Amino acid sequence: MSKYTALSEQLLENIGGIRNITYVTHCATRLRVSYQNKDLIQMEKLENLPDSSGLIVRAGTIQVIIGPDVHDAYNEFLEVSGWNGTEIPEDQPDEDITEISDEKRDFQYYLLKFSNFIAPIFMPIIPALITGGMILAIKNLLVNYFGVSVDSGTAQWMLNIFDAAFKFLPIYIGYTMAQQLKMQPILGAMLGAVLIAPTFEGGLIPEIFGIPVPQVSYRSTILPVILGVVLMYYVDKGLKKILPKTLSYFLKPLLTMILVTPVVLILLAPAGNLLSGYVADFVLWVSNTLGIIALPLLSMIYPYMVMFGLDKGLHPIALELLDKLGYNPVTIVIGFISNICVGATTLALATTMKDKAQKATAVSSGVTALCGVTEPAFYGQLISHPKCMIGHAVGAACAGLFAGFFQLKTFVHGGCPGWLTLLFFVDQNGNINYVLIAIVTALIGMAVSFLATRIVLKKESMPRKGKAGTK
């Protein structure tokens, strides 16, 4: 029996069974289960799931906070529930499940829906991006400081791993996007491969049916394949309706690729590439317009972006910035600053606790946050002590001002930025200038957040004089 068997069984039972589930996925620390009918959920029982650090309910999704072992919990839930992404096991009773819409459909609702849609597309590929980014940084350090030749087999081997992570992004995104849209994932991956296949990249497809094909490189891009998979989704739906089932298995994939790829190569992929440039330009415009206050402000609100899952929407922006500029001056930097400050704030809170078990839990959560995983600290500690977030805000503001003044930036993409991801700041030439700036930024954030939180908590614990006691 797995550690998360009991959690999975109770989660499945109290969420209304498998027929009330519409999607299952996970991010870095949370198991996410989307549901149809809110009336079937027994929230009181879900709030006491074993081996979890809490629960978040956002826009039709139950988010169970697990921690770094979330992938184990995810796999166990799939095993226990029988969920495979599209079909419901035949031995499940046929229930009448109808979607209800008692949740307020405001701007925040749709924003959260968008984040819940984006997360399953990008989160599965984050480990590959972290691996590729870190190994590129190590390669650059070896070449720059340890005499390893840039043309050596060792350097090229490391570069090969980096290329596998980033250059083939259209294939990875195509797969996860198609999976999210409940299509055959391999067709999404195949569409991504079409965009970067040697035949196209070698300029051997100048036209299709006499219509010119723009000669653009789509390696490391994401929007072109996303637009292509969206088109594929509608073509797939249309073919399902008109093709007989006996021929669908063979004809539907064939006709889908014949109909979709010309439109993608001639129109959608070039449009997506152009849009990518606009996205990067817009982010830089916002950063330049706000100037030095951009990083402090964004770092202060970052924990709340994580709380609502909005941080997942930053992954496409980060990848576009890296693809178009070669560096990212915003998204990973604000996550790095905020996570460090959450960790220091939690450690400051721990110093005020008298119960040894509570203090040990808080210290563990704080150290984990310093390493880049903040959910145990934020949900397990800081949410119940909201005034501590004042300390976080002060620390994030000071660290953000320093980082903004020295134009801190990252050169690879990954998740969970913290002390363990300093290699993100090694530039393309292997220089560690920005690593040093990142270290000073982190130290400022830690020191200020810790002291500010201690001051806030000290003032809160001081006895207040009543009016009758004043003289």
Side-chain angles (χ1 to χ4, degrees), residues 283-284 286-307 310-311 314 318 327-352 362-363 365-375 377-378 381-383 385-411 416-425 432-462:
V283 173
L284 285 180
V286 171
S287 180
N288 294 332
T289 302
L290 294 177
I292 198 173
I293 67 170
L295 289 183
L297 288 175
L298 294 172
S299 300
M300 290 165 65
I301 66 173
Y302 188 81
Y304 309 101
M305 296 173 67
V306 174
M307 181 171 69
L310 303 181
D311 60 312
L314 298 178
Y327 60 88
N328 177 3
V330 184
T331 61
I332 300 297
V333 175
I334 63 174
F336 174 76
I337 293 171
S338 177
N339 292 351
I340 292 292
C341 292
V342 166
T345 299
T346 306
L347 292 177
L349 174 63
T351 62
T352 67
V363 169
S365 299
V367 172
T368 302
L370 291 176
C371 296
V373 179
T374 59
E375 278 86 348
F378 186 73
Q381 307 297 328
L382 301 185
I383 285 292
H385 299 84
K387 287 192 175 181
C388 289
M389 294 309 295
I390 298 174
H392 168 274
V394 175
C398 293
L401 283 171
F402 179 84
F405 182 81
F406 286 97
Q407 299 181 338
L408 182 62
K409 58 192 70 171
T410 59
F411 297 88
C416 304
W419 277 110
L420 297 184
T421 58
L422 286 175
L423 290 179
F424 288 180
F425 299 95
I432 60 172
N433 300 6
Y434 290 104
V435 176
L436 299 177
I437 296 172
I439 291 173
V440 176
T441 298
L443 292 175
I444 292 173
M446 286 181 63
V448 176
S449 293
F450 187 91
L451 292 174
T453 304
R454 283 300 305 260
I455 292 171
V456 168
L457 293 176
K458 185 175 182 180
K459 287 185 177 181
E460 185 180 24
S461 64
M462 290 176 62

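Everything numeric here is computed off the predicted structure, so don't read it as measured data. Residues take their numbers from the sequence shown, with the count starting at 1.
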Run the numbers on Phe424 and Phe336 for ring-ring contact (aromatic ring centres under 6.0 Å, His included), then give the verdict.
CA-CA 10 Å; Phe424 288 180; Phe336 174 76; 9.1 Å; no
If I take atom CD1 from residue Ile337 and atom OH from residue Tyr302, how far apart are they, to the nearest 0.5 angstrom?
11.5 Å
Distance-minimising heavy-atom pair for Leu295 and Pro329
CD2-O, 3.7 Å
What's the shortest heavy-atom distance between Asn339 and Cys416, and which atoms?
ND2-C, 4.3 Å
As an exercise, state the distance from OG of Ser449 to CZ of Arg454, rounded to the nearest 0.5 Å.
14.0 Å
Would a distance-only check, ignoring hydrogens and angles, find a side-chain to backbone donor-acceptor pair under 3.5 Å from Thr352 to Leu349?
yes
Restricting to non-hydrogen atoms, name the atom on Ala362 and the atom on Thr346 that form the minimum distance, rounded to 0.1 Å.
O-CG2, 3.4 Å
Atom of His392, atom of Met300 and distance for their closest heavy-atom approach
CE1-O, 3.7 Å
Side-chain donor-acceptor distances from residues 396-408 under 3.5 Å, at least two apart:
none

Look up atom CD1 in Ile301 and atom CD1 in Ile334, then write down how far apart they are to the nearest 0.5 Å.
7.0 Å
Can you tell me how far NZ of Lys409 sits from CG of Asn433, rounded to the nearest 0.5 angstrom?
11.0 Å
Quick check: closest heavy atoms across Leu370 and Ile340, and the distance to 0.1 Å?
CD2-O, 3.3 Å
Restricting to non-hydrogen atoms, name the atom on Thr345 and the atom on Gly391 that form the minimum distance, rounded to 0.1 Å.
OG1-C, 4.0 Å
Quick check, are the ring centers of Tyr327 and Tyr434 under 6.0 angstrom apart?
no
Considering residues at least two apart in sequence or located in another chain, which fulfil the side chain to side chain donor-acceptor pair (under 3.5 Å) criterion with Thr331?
Asn328
Kindly determine whether Leu457 and Lys387 satisfy side-chain contact (heavy atoms from CB on, under 4.5 Å), including the steps that lead there.
CA-CA 8 Å; Leu457 293 176; Lys387 287 192 175 181; 5.5 Å; no
Whether Ser338 side chain and Gly335 backbone form a donor-acceptor pair below 3.5 Å:
no
How long is the span from the CG atom in Leu297 to the CD1 atom in Ile292, to the nearest 0.5 Å?
11.5 Å
If you round to the nearest 0.5 Å, how far is CD1 of Ile383 from CE of Met389?
7.5 Å
Between Phe450 and Thr351, does a side-chain contact (heavy atoms from CB on, under 4.5 Å) hold up when you go through it step by step?
CA-CA 10 Å; Phe450 187 91; Thr351 62; 3.9 Å; yes
